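Everything numeric here is computed off the predicted structure, so don't read it as measured data. Reminder, nothing fancy here: chain letters follow the sequence lines and each chain counts from 1.
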Amino acid sequence: MSGAEAGTQPVTVLETPIHLDYVFTPGIAQSIFLRGLARGVFLGQRCPTCGKVYIPSRGSCPVDGVATDEVVELPDTGIVTTYCVVNVPFAGQAVEIPYTCAQVLLDGANISFMGLIQEVPADQVRMGMRVEAVWVPPDELGPSLASVKYFRPTGEPDALYESYEEYL
Amino acid sequence: MSAPARRPVAVVSFAQARNVRREASRNEVELLMPVVSEVFAAIGASKDDMGFICSGSTDYLVGGPFSFVTALDAVGVWPPRAESHVEMDGAFALYEAWVLMQEGAIDAALVYSFGRSSPGDVTEILALQLDPYVTAPLWPSPVALAALQAQALIDAGEATEEELAEVAARNRSAARANPNAQVVSDASPEELLADEYVVAPLRRHALPPITDGAAAIVLAAGEKAREWRERPAWITGIDHRIETHALGCRDLTRSPSTALAAERAGLFEGPPVDLAEVHAPFAHQELIVRRALELGDAVTVNPSGGALAANPVMSAGLIRIGEAAARIWAAESERAVAHATSGPCLQQNLVCVLDASDGAVVGGGA
(Lines give C-alpha, C1' and ligand atoms only; values in the text may rest on other atoms or scores of the structure.)
Protein backbone atom coordinates (compact mmCIF):
# COMPACT_ATOMS: atom_id res chain seq x y z
CA MET A 1 0.00 0.00 0.00
CA SER A 2 1.42 3.36 -1.00
CA GLY A 3 1.66 6.29 1.37
CA ALA A 4 -1.26 8.05 -0.27
CA GLU A 5 -3.53 5.05 0.25
CA ALA A 6 -2.53 4.40 3.83
CA GLY A 7 -5.24 5.30 6.26
CA THR A 8 -7.92 5.70 3.58
CA GLN A 9 -11.11 3.68 3.46
CA PRO A 10 -12.40 1.88 0.38
CA VAL A 11 -15.21 3.64 -1.47
CA THR A 12 -18.33 1.57 -0.95
CA VAL A 13 -21.04 4.05 -1.94
CA LEU A 14 -21.03 6.56 -4.79
CA GLU A 15 -23.89 9.00 -5.28
CA THR A 16 -24.35 10.22 -8.84
CA PRO A 17 -27.53 12.31 -9.02
CA ILE A 18 -29.34 12.07 -12.33
CA HIS A 19 -31.94 14.54 -13.51
CA LEU A 20 -33.41 14.68 -17.00
CA ASP A 21 -36.14 16.99 -18.32
CA TYR A 22 -38.55 15.94 -21.05
CA VAL A 23 -41.26 17.55 -23.15
CA PHE A 24 -44.00 14.92 -23.27
CA THR A 25 -45.86 14.39 -26.53
CA PRO A 26 -49.10 12.47 -25.93
CA GLY A 27 -49.54 11.89 -29.65
CA ILE A 28 -52.45 12.54 -31.97
CA ALA A 29 -54.82 9.94 -30.52
CA GLN A 30 -54.21 10.67 -26.86
CA SER A 31 -54.45 14.40 -27.58
CA ILE A 32 -57.98 13.79 -28.89
CA PHE A 33 -58.83 11.98 -25.65
CA LEU A 34 -57.32 14.74 -23.48
CA ARG A 35 -59.08 17.53 -25.41
CA GLY A 36 -62.33 15.63 -24.95
CA LEU A 37 -61.80 15.65 -21.19
CA ALA A 38 -61.35 19.43 -21.38
CA ARG A 39 -64.87 19.57 -22.90
CA GLY A 40 -66.31 17.10 -20.40
CA VAL A 41 -66.72 14.20 -22.85
CA PHE A 42 -65.09 10.80 -23.23
CA LEU A 43 -63.59 10.32 -26.71
CA GLY A 44 -62.39 6.86 -27.69
CA GLN A 45 -61.22 5.46 -31.02
CA ARG A 46 -62.43 2.43 -32.97
CA CYS A 47 -60.25 -0.15 -34.74
CA PRO A 48 -61.34 -0.42 -38.39
CA THR A 49 -60.41 -4.12 -38.43
CA CYS A 50 -61.82 -5.65 -35.24
CA GLY A 51 -64.26 -2.86 -34.32
CA LYS A 52 -63.03 -2.58 -30.74
CA VAL A 53 -63.19 0.85 -29.09
CA TYR A 54 -60.18 1.94 -27.05
CA ILE A 55 -60.21 4.73 -24.47
CA PRO A 56 -57.76 6.28 -24.25
CA SER A 57 -56.46 5.09 -27.60
CA ARG A 58 -52.72 5.21 -28.22
CA GLY A 59 -53.40 5.57 -31.92
CA SER A 60 -53.25 1.96 -32.96
CA CYS A 61 -55.08 -1.27 -32.28
CA PRO A 62 -52.67 -3.42 -30.26
CA VAL A 63 -54.32 -6.54 -31.71
CA ASP A 64 -54.31 -5.61 -35.38
CA GLY A 65 -51.56 -3.00 -35.53
CA VAL A 66 -53.63 -0.56 -37.59
CA ALA A 67 -54.49 3.07 -36.95
CA THR A 68 -57.65 3.73 -34.92
CA ASP A 69 -58.76 6.76 -36.89
CA GLU A 70 -62.50 6.78 -36.11
CA VAL A 71 -63.30 8.91 -33.05
CA VAL A 72 -66.18 7.62 -30.93
CA GLU A 73 -67.89 9.68 -28.24
CA LEU A 74 -68.75 7.49 -25.28
CA PRO A 75 -71.37 8.09 -22.59
CA ASP A 76 -70.59 8.98 -18.97
CA THR A 77 -71.93 5.63 -17.82
CA GLY A 78 -70.31 2.25 -17.40
CA ILE A 79 -69.66 -0.60 -15.01
CA VAL A 80 -67.11 -1.51 -12.37
CA THR A 81 -65.27 -4.57 -13.67
CA THR A 82 -62.96 -4.92 -10.68
CA TYR A 83 -61.87 -2.71 -7.80
CA CYS A 84 -59.56 -2.22 -4.84
CA VAL A 85 -60.40 -0.67 -1.47
CA VAL A 86 -57.58 1.52 -0.20
CA ASN A 87 -57.20 1.37 3.60
CA VAL A 88 -53.56 2.41 3.86
CA PRO A 89 -52.71 6.07 4.53
CA PHE A 90 -49.79 7.49 2.53
CA ALA A 91 -48.13 10.86 2.02
CA GLY A 92 -50.04 13.18 -0.29
CA GLN A 93 -53.29 11.24 0.01
CA ALA A 94 -56.08 13.40 -1.40
CA VAL A 95 -59.09 11.24 -0.53
CA GLU A 96 -60.24 10.11 2.89
CA ILE A 97 -59.68 6.38 3.51
CA PRO A 98 -61.19 3.92 3.06
CA TYR A 99 -61.91 4.65 -0.59
CA THR A 100 -62.31 2.60 -3.75
CA CYS A 101 -60.32 2.59 -6.96
CA ALA A 102 -62.05 0.72 -9.72
CA GLN A 103 -61.55 -0.32 -13.31
CA VAL A 104 -64.45 1.34 -15.11
CA LEU A 105 -65.63 -0.03 -18.45
CA LEU A 106 -67.60 2.71 -20.18
CA ASP A 107 -70.67 1.60 -22.14
CA GLY A 108 -69.50 0.99 -25.70
CA ALA A 109 -65.81 0.72 -24.81
CA ASN A 110 -63.68 -2.41 -25.08
CA ILE A 111 -61.11 -1.47 -22.48
CA SER A 112 -61.45 -0.21 -18.91
CA PHE A 113 -59.55 2.56 -17.18
CA MET A 114 -59.06 3.43 -13.54
CA GLY A 115 -61.45 5.71 -11.69
CA LEU A 116 -62.30 6.72 -8.15
CA ILE A 117 -65.67 5.52 -6.79
CA GLN A 118 -67.47 7.88 -4.39
CA GLU A 119 -70.93 8.56 -2.91
CA VAL A 120 -71.09 4.93 -1.78
CA PRO A 121 -69.48 3.21 1.25
CA ALA A 122 -66.37 1.29 0.19
CA ASP A 123 -67.81 -2.00 1.43
CA GLN A 124 -70.80 -1.67 -0.90
CA VAL A 125 -68.79 -1.37 -4.15
CA ARG A 126 -69.03 -4.55 -6.22
CA MET A 127 -68.14 -6.02 -9.57
CA GLY A 128 -70.78 -5.25 -12.18
CA MET A 129 -71.99 -2.12 -10.37
CA ARG A 130 -73.38 0.52 -12.73
CA VAL A 131 -71.64 3.90 -12.35
CA GLU A 132 -71.57 7.33 -13.98
CA ALA A 133 -68.90 10.00 -14.19
CA VAL A 134 -69.14 13.15 -12.11
CA TRP A 135 -67.22 15.93 -13.82
CA VAL A 136 -65.60 18.88 -12.12
CA PRO A 137 -67.38 22.25 -12.64
CA PRO A 138 -67.08 23.53 -16.26
CA ASP A 139 -64.60 26.25 -15.33
CA GLU A 140 -62.29 23.61 -13.83
CA LEU A 141 -62.27 21.28 -16.84
CA GLY A 142 -58.88 20.68 -18.40
CA PRO A 143 -57.01 18.20 -20.66
CA SER A 144 -56.48 15.76 -17.80
CA LEU A 145 -58.23 12.87 -16.10
CA ALA A 146 -58.52 15.23 -13.12
CA SER A 147 -61.53 16.58 -15.04
CA VAL A 148 -63.37 13.46 -13.88
CA LYS A 149 -64.02 14.12 -10.20
CA TYR A 150 -65.07 10.51 -9.61
CA PHE A 151 -67.64 7.88 -10.57
CA ARG A 152 -70.76 7.22 -8.52
CA PRO A 153 -73.42 4.49 -8.57
CA THR A 154 -76.40 5.08 -10.88
CA GLY A 155 -78.64 2.77 -8.87
CA GLU A 156 -79.40 0.63 -11.94
CA PRO A 157 -79.32 -3.17 -11.58
CA ASP A 158 -75.82 -4.68 -11.71
CA ALA A 159 -74.48 -5.89 -15.06
CA LEU A 160 -74.33 -9.64 -15.59
CA TYR A 161 -70.90 -11.16 -15.07
CA GLU A 162 -70.94 -12.60 -18.59
CA SER A 163 -71.18 -9.06 -20.00
CA TYR A 164 -67.77 -8.04 -18.67
CA GLU A 165 -65.88 -11.26 -17.96
CA GLU A 166 -63.51 -10.75 -20.90
CA TYR A 167 -62.44 -7.36 -19.55
CA LEU A 168 -61.05 -8.61 -16.25
CA MET B 1 -10.89 -24.75 -38.51
CA SER B 2 -13.62 -25.04 -41.11
CA ALA B 3 -16.44 -22.61 -40.65
CA PRO B 4 -20.03 -23.78 -40.40
CA ALA B 5 -22.21 -23.31 -43.46
CA ARG B 6 -24.60 -20.40 -43.18
CA ARG B 7 -28.21 -20.24 -44.10
CA PRO B 8 -28.85 -17.63 -46.78
CA VAL B 9 -30.81 -14.77 -45.23
CA ALA B 10 -31.49 -11.54 -47.10
CA VAL B 11 -32.70 -8.02 -46.49
CA VAL B 12 -35.86 -7.86 -48.62
CA SER B 13 -37.72 -4.75 -47.46
CA PHE B 14 -36.84 -1.44 -45.85
CA ALA B 15 -38.82 1.62 -44.82
CA GLN B 16 -38.06 4.68 -42.76
CA ALA B 17 -39.86 7.73 -41.48
CA ARG B 18 -38.92 11.07 -42.96
CA ASN B 19 -36.22 12.30 -40.61
CA VAL B 20 -37.12 15.54 -38.86
CA ARG B 21 -35.68 17.70 -36.11
CA ARG B 22 -38.85 17.50 -34.09
CA GLU B 23 -41.86 15.24 -34.52
CA ALA B 24 -44.23 17.49 -32.62
CA SER B 25 -47.59 15.77 -32.83
CA ARG B 26 -47.10 12.02 -33.18
CA ASN B 27 -45.94 9.76 -30.36
CA GLU B 28 -43.58 6.81 -30.89
CA VAL B 29 -46.34 4.37 -31.85
CA GLU B 30 -47.84 6.82 -34.32
CA LEU B 31 -44.39 7.49 -35.79
CA LEU B 32 -43.65 3.80 -36.20
CA MET B 33 -46.99 2.49 -37.46
CA PRO B 34 -46.82 3.84 -41.03
CA VAL B 35 -43.21 2.65 -41.30
CA VAL B 36 -44.20 -0.90 -40.36
CA SER B 37 -47.15 -0.76 -42.76
CA GLU B 38 -44.86 0.41 -45.55
CA VAL B 39 -42.20 -2.23 -44.98
CA PHE B 40 -44.85 -4.95 -45.34
CA ALA B 41 -46.76 -3.32 -48.20
CA ALA B 42 -43.59 -2.97 -50.30
CA ILE B 43 -43.33 -6.77 -50.62
CA GLY B 44 -46.96 -7.80 -50.12
CA ALA B 45 -46.20 -9.36 -46.74
CA SER B 46 -48.00 -9.07 -43.42
CA LYS B 47 -47.18 -9.42 -39.75
CA ASP B 48 -48.63 -12.94 -39.91
CA ASP B 49 -45.71 -13.94 -42.16
CA MET B 50 -43.18 -12.94 -39.50
CA GLY B 51 -41.78 -15.73 -37.34
CA PHE B 52 -39.96 -13.26 -35.14
CA ILE B 53 -40.03 -9.57 -34.30
CA CYS B 54 -37.02 -7.76 -32.90
CA SER B 55 -36.74 -4.06 -32.07
CA GLY B 56 -34.07 -1.60 -30.99
CA SER B 57 -34.83 1.51 -28.94
CA THR B 58 -34.11 3.14 -25.61
CA ASP B 59 -36.59 4.32 -23.01
CA TYR B 60 -34.23 7.14 -22.05
CA LEU B 61 -35.12 9.03 -25.23
CA VAL B 62 -38.85 9.23 -24.53
CA GLY B 63 -38.41 9.32 -20.77
CA GLY B 64 -41.00 6.63 -20.16
CA PRO B 65 -40.56 3.05 -18.95
CA PHE B 66 -41.32 0.14 -21.25
CA SER B 67 -41.85 2.33 -24.30
CA PHE B 68 -40.55 -0.61 -26.32
CA VAL B 69 -43.53 -2.66 -25.10
CA THR B 70 -46.12 -0.05 -26.07
CA ALA B 71 -44.34 0.27 -29.42
CA LEU B 72 -45.53 -3.25 -30.20
CA ASP B 73 -48.98 -1.71 -30.63
CA ALA B 74 -47.63 -0.44 -33.95
CA VAL B 75 -47.27 -4.03 -35.15
CA GLY B 76 -50.17 -5.79 -33.46
CA VAL B 77 -49.10 -8.91 -31.63
CA TRP B 78 -52.23 -11.03 -31.44
CA PRO B 79 -52.13 -13.99 -31.57
CA PRO B 80 -48.98 -13.91 -29.41
CA ARG B 81 -45.71 -14.15 -31.33
CA ALA B 82 -42.01 -14.47 -30.65
CA GLU B 83 -40.59 -11.05 -29.97
CA SER B 84 -37.45 -9.51 -28.54
CA HIS B 85 -35.93 -6.11 -27.90
CA VAL B 86 -32.42 -4.72 -27.56
CA GLU B 87 -31.59 -1.44 -25.83
CA MET B 88 -29.40 -0.69 -28.85
CA ASP B 89 -29.58 0.51 -32.42
CA GLY B 90 -31.90 -1.53 -34.60
CA ALA B 91 -28.87 -2.89 -36.47
CA PHE B 92 -28.09 -4.97 -33.40
CA ALA B 93 -31.72 -6.12 -33.28
CA LEU B 94 -31.24 -7.22 -36.90
CA TYR B 95 -28.22 -9.23 -35.80
CA GLU B 96 -30.33 -11.05 -33.20
CA ALA B 97 -32.98 -11.84 -35.81
CA TRP B 98 -30.32 -13.07 -38.24
CA VAL B 99 -28.86 -15.40 -35.58
CA LEU B 100 -32.29 -16.81 -34.82
CA MET B 101 -32.94 -17.37 -38.52
CA GLN B 102 -29.70 -19.37 -38.76
CA GLU B 103 -31.38 -22.01 -36.62
CA GLY B 104 -33.73 -22.64 -39.51
CA ALA B 105 -37.06 -22.61 -37.67
CA ILE B 106 -38.35 -19.38 -39.18
CA ASP B 107 -38.22 -17.92 -42.67
CA ALA B 108 -39.00 -14.24 -42.05
CA ALA B 109 -38.47 -11.64 -39.35
CA LEU B 110 -39.43 -8.02 -38.80
CA VAL B 111 -36.81 -5.70 -37.36
CA TYR B 112 -37.67 -2.15 -36.38
CA SER B 113 -36.29 0.72 -34.39
CA PHE B 114 -37.50 4.12 -33.34
CA GLY B 115 -36.46 7.11 -31.36
CA ARG B 116 -37.38 10.71 -30.87
CA SER B 117 -34.42 12.71 -29.65
CA SER B 118 -36.51 15.88 -29.32
CA PRO B 119 -38.41 15.24 -26.03
CA GLY B 120 -35.26 15.44 -23.91
CA ASP B 121 -31.69 16.70 -24.16
CA VAL B 122 -30.00 13.98 -26.20
CA THR B 123 -26.51 15.13 -25.22
CA GLU B 124 -27.36 14.58 -21.55
CA ILE B 125 -29.11 11.29 -22.27
CA LEU B 126 -26.11 9.94 -24.18
CA ALA B 127 -23.87 10.79 -21.21
CA LEU B 128 -25.75 8.14 -19.25
CA GLN B 129 -24.37 5.36 -21.47
CA LEU B 130 -20.89 6.06 -20.10
CA ASP B 131 -19.36 4.14 -17.22
CA PRO B 132 -21.45 5.17 -14.21
CA TYR B 133 -18.62 5.59 -11.70
CA VAL B 134 -15.92 7.70 -13.27
CA THR B 135 -17.12 9.20 -16.55
CA ALA B 136 -20.91 9.62 -16.45
CA PRO B 137 -20.87 11.79 -13.27
CA LEU B 138 -18.93 14.37 -15.31
CA TRP B 139 -21.83 14.51 -17.82
CA PRO B 140 -19.52 14.93 -20.82
CA SER B 141 -21.48 15.70 -23.97
CA PRO B 142 -21.00 13.32 -26.92
CA VAL B 143 -19.76 16.33 -28.88
CA ALA B 144 -16.96 16.94 -26.38
CA LEU B 145 -15.94 13.28 -26.42
CA ALA B 146 -16.03 13.21 -30.22
CA ALA B 147 -13.90 16.38 -30.26
CA LEU B 148 -11.26 14.63 -28.15
CA GLN B 149 -11.27 11.83 -30.70
CA ALA B 150 -11.05 14.25 -33.63
CA GLN B 151 -8.19 16.13 -32.01
CA ALA B 152 -6.32 12.86 -31.40
CA LEU B 153 -6.79 12.02 -35.07
CA ILE B 154 -5.48 15.42 -36.15
CA ASP B 155 -2.55 15.22 -33.70
CA ALA B 156 -1.64 11.83 -35.16
CA GLY B 157 -1.45 13.44 -38.59
CA GLU B 158 -4.27 11.26 -39.92
CA ALA B 159 -6.87 13.95 -40.54
CA THR B 160 -7.13 17.67 -41.10
CA GLU B 161 -10.00 20.06 -40.48
CA GLU B 162 -10.22 20.41 -44.27
CA GLU B 163 -10.80 16.65 -44.58
CA LEU B 164 -13.58 16.80 -42.00
CA ALA B 165 -15.23 19.54 -44.06
CA GLU B 166 -14.85 17.41 -47.20
CA VAL B 167 -16.59 14.49 -45.50
CA ALA B 168 -19.45 16.73 -44.37
CA ALA B 169 -19.80 18.40 -47.76
CA ARG B 170 -19.88 15.09 -49.65
CA ASN B 171 -22.44 13.49 -47.31
CA ARG B 172 -24.80 16.46 -47.26
CA SER B 173 -24.53 16.90 -51.01
CA ALA B 174 -25.32 13.20 -51.56
CA ALA B 175 -28.29 13.60 -49.24
CA ARG B 176 -29.96 15.79 -51.87
CA ALA B 177 -31.03 12.55 -53.55
CA ASN B 178 -32.44 11.18 -50.29
CA PRO B 179 -36.07 12.23 -49.78
CA ASN B 180 -35.86 11.25 -46.09
CA ALA B 181 -32.77 13.31 -45.31
CA GLN B 182 -32.95 16.07 -42.74
CA VAL B 183 -29.87 18.16 -43.53
CA VAL B 184 -28.83 18.69 -47.15
CA SER B 185 -26.39 21.23 -48.51
CA ASP B 186 -24.40 22.12 -51.57
CA ALA B 187 -21.86 24.09 -49.55
CA SER B 188 -18.25 23.48 -50.53
CA PRO B 189 -15.68 22.33 -47.96
CA GLU B 190 -14.15 25.82 -48.17
CA GLU B 191 -17.48 27.41 -47.28
CA LEU B 192 -18.02 24.96 -44.42
CA LEU B 193 -14.68 25.87 -42.89
CA ALA B 194 -16.14 29.31 -42.17
CA ASP B 195 -18.39 27.65 -39.54
CA GLU B 196 -17.71 28.41 -35.90
CA TYR B 197 -16.29 25.70 -33.67
CA VAL B 198 -18.87 23.93 -31.51
CA VAL B 199 -16.14 22.13 -29.60
CA ALA B 200 -12.75 22.51 -31.27
CA PRO B 201 -11.72 20.98 -33.61
CA LEU B 202 -15.34 20.15 -34.51
CA ARG B 203 -17.25 22.84 -36.39
CA ARG B 204 -20.99 22.78 -36.84
CA HIS B 205 -20.80 20.80 -40.09
CA ALA B 206 -18.87 17.95 -38.47
CA LEU B 207 -21.75 17.25 -36.08
CA PRO B 208 -24.84 15.13 -36.76
CA PRO B 209 -28.26 16.74 -36.65
CA ILE B 210 -30.65 15.93 -33.81
CA THR B 211 -33.32 13.75 -35.37
CA ASP B 212 -36.64 12.07 -34.65
CA GLY B 213 -37.08 8.94 -36.75
CA ALA B 214 -37.96 5.29 -37.16
CA ALA B 215 -37.05 2.47 -39.52
CA ALA B 216 -38.03 -1.11 -40.30
CA ILE B 217 -36.52 -4.00 -42.25
CA VAL B 218 -37.83 -7.43 -43.22
CA LEU B 219 -35.36 -10.33 -43.33
CA ALA B 220 -36.24 -13.46 -45.27
CA ALA B 221 -34.49 -16.78 -45.87
CA GLY B 222 -33.97 -18.78 -49.05
CA GLU B 223 -36.93 -19.09 -51.39
CA LYS B 224 -39.02 -16.76 -49.25
CA ALA B 225 -36.52 -13.99 -49.95
CA ARG B 226 -36.73 -14.60 -53.74
CA GLU B 227 -40.50 -14.63 -53.56
CA TRP B 228 -40.58 -11.17 -52.00
CA ARG B 229 -37.63 -9.53 -53.75
CA GLU B 230 -36.35 -10.26 -57.26
CA ARG B 231 -32.80 -9.37 -56.31
CA PRO B 232 -32.47 -9.85 -52.54
CA ALA B 233 -29.55 -8.38 -50.62
CA TRP B 234 -28.05 -11.53 -49.13
CA ILE B 235 -26.24 -11.19 -45.82
CA THR B 236 -22.97 -12.99 -46.47
CA GLY B 237 -21.54 -12.05 -43.11
CA ILE B 238 -22.47 -10.02 -40.05
CA ASP B 239 -20.56 -9.50 -36.82
CA HIS B 240 -20.26 -6.98 -34.02
CA ARG B 241 -17.49 -6.27 -31.54
CA ILE B 242 -17.06 -3.94 -28.58
CA GLU B 243 -14.16 -2.07 -27.00
CA THR B 244 -13.64 -1.17 -23.36
CA HIS B 245 -15.90 1.42 -21.78
CA ALA B 246 -12.80 3.12 -20.35
CA LEU B 247 -12.15 5.85 -22.90
CA GLY B 248 -8.63 6.40 -21.60
CA CYS B 249 -7.70 2.81 -22.39
CA ARG B 250 -8.59 3.12 -26.08
CA ASP B 251 -6.63 4.44 -29.04
CA LEU B 252 -9.41 6.71 -30.26
CA THR B 253 -7.73 7.16 -33.64
CA ARG B 254 -8.37 3.52 -34.51
CA SER B 255 -11.43 1.29 -34.55
CA PRO B 256 -10.13 -2.22 -33.86
CA SER B 257 -13.65 -3.45 -33.12
CA THR B 258 -14.78 -2.37 -36.60
CA ALA B 259 -11.77 -4.05 -38.17
CA LEU B 260 -12.34 -7.29 -36.26
CA ALA B 261 -16.07 -7.32 -37.01
CA ALA B 262 -15.28 -6.72 -40.69
CA GLU B 263 -12.79 -9.58 -40.73
CA ARG B 264 -15.25 -11.96 -39.05
CA ALA B 265 -18.02 -10.86 -41.38
CA GLY B 266 -15.82 -11.86 -44.33
CA LEU B 267 -15.40 -8.35 -45.72
CA PHE B 268 -11.78 -8.97 -46.64
CA GLU B 269 -12.53 -12.21 -48.48
CA GLY B 270 -14.01 -12.46 -51.96
CA PRO B 271 -14.51 -9.57 -54.33
CA PRO B 272 -14.22 -6.03 -52.95
CA VAL B 273 -17.36 -4.12 -52.10
CA ASP B 274 -18.42 -1.32 -54.44
CA LEU B 275 -20.57 0.54 -51.92
CA ALA B 276 -20.49 1.33 -48.21
CA GLU B 277 -23.01 2.83 -45.84
CA VAL B 278 -21.04 3.96 -42.81
CA HIS B 279 -22.65 5.02 -39.55
CA ALA B 280 -20.37 7.88 -38.56
CA PRO B 281 -22.30 10.52 -36.59
CA PHE B 282 -19.25 12.80 -36.55
CA ALA B 283 -17.32 13.60 -39.74
CA HIS B 284 -13.93 12.41 -38.50
CA GLN B 285 -15.43 9.04 -37.54
CA GLU B 286 -16.05 8.29 -41.20
CA LEU B 287 -12.29 8.54 -41.79
CA ILE B 288 -11.61 6.11 -38.93
CA VAL B 289 -14.24 3.61 -40.09
CA ARG B 290 -13.15 3.81 -43.74
CA ARG B 291 -9.66 2.89 -42.66
CA ALA B 292 -10.85 0.02 -40.47
CA LEU B 293 -13.00 -1.32 -43.32
CA GLU B 294 -10.07 -0.84 -45.75
CA LEU B 295 -12.35 0.95 -48.23
CA GLY B 296 -10.57 2.02 -51.41
CA ASP B 297 -11.22 5.16 -53.39
CA ALA B 298 -13.42 3.25 -55.84
CA VAL B 299 -16.00 2.53 -53.16
CA THR B 300 -19.07 4.75 -53.09
CA VAL B 301 -19.47 5.84 -49.47
CA ASN B 302 -22.80 6.97 -48.02
CA PRO B 303 -24.88 7.69 -51.11
CA SER B 304 -27.73 8.31 -48.63
CA GLY B 305 -25.85 11.12 -46.89
CA GLY B 306 -25.19 9.00 -43.82
CA ALA B 307 -25.66 10.08 -40.24
CA LEU B 308 -24.49 13.61 -41.02
CA ALA B 309 -27.68 14.06 -43.04
CA ALA B 310 -30.00 12.39 -40.51
CA ASN B 311 -29.11 10.80 -37.20
CA PRO B 312 -32.16 9.23 -35.58
CA VAL B 313 -30.67 7.71 -32.45
CA MET B 314 -31.30 3.93 -32.34
CA SER B 315 -32.28 3.85 -36.04
CA ALA B 316 -29.34 5.40 -37.90
CA GLY B 317 -27.43 2.09 -37.93
CA LEU B 318 -30.38 0.02 -39.13
CA ILE B 319 -30.97 2.62 -41.83
CA ARG B 320 -27.40 2.07 -43.10
CA ILE B 321 -28.23 -1.60 -43.70
CA GLY B 322 -31.50 -0.67 -45.39
CA GLU B 323 -29.87 1.94 -47.62
CA ALA B 324 -27.13 -0.47 -48.70
CA ALA B 325 -29.64 -3.26 -49.37
CA ALA B 326 -31.86 -0.97 -51.43
CA ARG B 327 -28.94 -0.32 -53.78
CA ILE B 328 -28.40 -4.02 -54.29
CA TRP B 329 -32.12 -4.48 -55.10
CA ALA B 330 -31.77 -1.65 -57.63
CA ALA B 331 -28.67 -3.28 -59.18
CA GLU B 332 -26.65 -0.20 -58.30
CA SER B 333 -24.35 -2.41 -56.22
CA GLU B 334 -23.13 -6.01 -56.45
CA ARG B 335 -21.55 -6.19 -53.02
CA ALA B 336 -21.93 -3.66 -50.25
CA VAL B 337 -20.96 -3.19 -46.64
CA ALA B 338 -23.12 -1.55 -43.98
CA HIS B 339 -21.73 -0.39 -40.66
CA ALA B 340 -23.48 0.59 -37.44
CA THR B 341 -22.00 2.03 -34.28
CA SER B 342 -23.05 2.46 -30.68
CA GLY B 343 -21.52 3.99 -27.59
CA PRO B 344 -19.11 6.91 -27.27
CA CYS B 345 -16.41 7.46 -29.89
CA LEU B 346 -17.23 4.35 -31.94
CA GLN B 347 -17.08 2.03 -28.92
CA GLN B 348 -19.14 -0.79 -30.43
CA ASN B 349 -19.37 -1.59 -34.10
CA LEU B 350 -21.38 -3.89 -36.33
CA VAL B 351 -20.40 -4.82 -39.88
CA CYS B 352 -22.85 -6.39 -42.31
CA VAL B 353 -21.74 -7.57 -45.75
CA LEU B 354 -24.48 -7.73 -48.37
CA ASP B 355 -24.24 -9.43 -51.76
CA ALA B 356 -26.45 -9.72 -54.83
CA SER B 357 -25.61 -13.43 -54.99
CA ASP B 358 -26.49 -15.96 -52.32
CA GLY B 359 -23.61 -18.04 -53.68
CA ALA B 360 -21.44 -15.75 -51.62
CA VAL B 361 -23.01 -17.06 -48.42
CA VAL B 362 -20.36 -19.44 -47.17
CA GLY B 363 -18.62 -20.18 -43.87
CA GLY B 364 -16.92 -17.65 -41.69
CA GLY B 365 -17.97 -16.56 -38.25
CA ALA B 366 -17.29 -18.25 -34.96
Side-chain angles (χ1 to χ4, degrees), chain A residues 8-36 38 43-71 109-114 143-145 166-167, chain B residues 22-37 39-40 46-48 50 53 59-64 67 69-81 110 112 116-128 130-139 212 216:
Chain A
T8 60
Q9 295 295 314
V11 175
T12 56
V13 176
L14 176 68
E15 285 189 24
T16 57
I18 290 172
H19 178 94
L20 294 170
D21 288 311
Y22 292 93
V23 176
F24 176 66
T25 304
I28 296 168
Q30 287 195 80
S31 293
I32 290 170
F33 170 72
L34 292 168
R35 291 194 180 104
L43 297 179
Q45 293 195 346
R46 193 191 311 276
C47 171
T49 303
C50 68
K52 286 189 170 161
V53 173
Y54 299 101
I55 181 162
S57 170
R58 283 199 295 261
S60 86
C61 174
V63 174
D64 297 302
V66 297
T68 51
D69 290 332
E70 185 193 345
V71 178
N110 294 96
I111 195 164
S112 60
F113 61 88
M114 195 183 286
S144 156
L145 265 176
E166 70 172 291
Y167 299 105
Chain B
R22 181 174 176 74
E23 172 59 60
S25 58
R26 293 184 294 172
N27 63 22
E28 283 68 14
V29 171
E30 292 166 337
L31 180 65
L32 191 54
M33 201 166 21
V35 175
V36 171
S37 298
V39 84
F40 288 149
S46 84
K47 62 177 174 125
D48 297 326
M50 301 298 121
I53 299 168
D59 286 353
Y60 281 86
L61 281 180
V62 66
S67 62
V69 177
T70 53
L72 278 170
D73 286 2
V75 184
V77 284
W78 187 265
R81 58 198 69 217
L110 169 69
Y112 67 82
R116 289 165 60 240
S117 294
S118 65
D121 182 335
V122 72
T123 63
E124 290 191 344
I125 289 166
L126 288 174
L128 294 179
L130 303 166
D131 99 75
Y133 306 111
V134 179
T135 318
L138 302 172
W139 293 88
D212 289 356

Contacting region of A/Thr16 [heavy-atom separation from chain B under 4.5 Å]: side chain
Partner chain B: residue of A/Val63, A/Val66, A/Asp64 with the largest heavy-atom pair count (under 4.5 Å): A/Val63
Contact leader toward chain A among B/Gly64, B/Ala24, B/Ser25, B/Ser118, where contacts are heavy-atom pairs under 4.5 Å: B/Ser25
Side chain to side chain donor-acceptor pair (under 3.5 Å) involving A/Ser31 - partner list, sequence neighbours excluded: none
Heavy-atom side-chain proximity of B/Tyr133 to A/Val11 below 4.5 angstrom: no
B/Glu124 (side chain) donor-acceptor with A/Leu20 (main chain) under 3.5 angstrom: no
Top of B/Leu72, B/Asp121, B/Ile125 for chain A proximity - count of heavy-atom pairs under 4.5 angstrom: B/Ile125
Other residues, nucleotides, ligands: >12 heavy atoms within 6.0 Å of B/Trp78 CH2: no
Segment of B/Val36 engaging chain A (4.5 angstrom heavy-atom cut-off): neither
More than 12 heavy atoms from other groups under 6.0 Å of NZ on A/Lys52: no
Exercise: do A/Thr25 and B/Arg116 side chains pair donor with acceptor under 3.5 Å: yes
Region of A/Ile28 that comes under 4.5 Å of a non-hydrogen atom in chain B: both
Considering all heavy atoms, the nearest A/Tyr22-B/Leu61 contact: CE2-O, 3.3 Å
Which atoms of B/Val75 approach chain A - backbone, side chain, both or neither, heavy atom under 4.5 Å: backbone
A/Ser60 to B/Met33 - nearest heavy-atom pair and separation: CB-SD, 3.0 Å
Chain A contact via B/Pro34 - which portion, at a heavy-atom distance below 4.5 Å: neither
Closest heavy-atom pair and its distance - B/Asn27, A/Gln30: ND2-NE2, 4.1 Å
Heavy atoms from other residues, nucleotides or ligands near CZ of B/Arg22 exceed 12 (cutoff 6.0 Å): yes
Neighbour count >12 (heavy atoms, 6.0 Å) for atom CZ, B/Phe40: yes
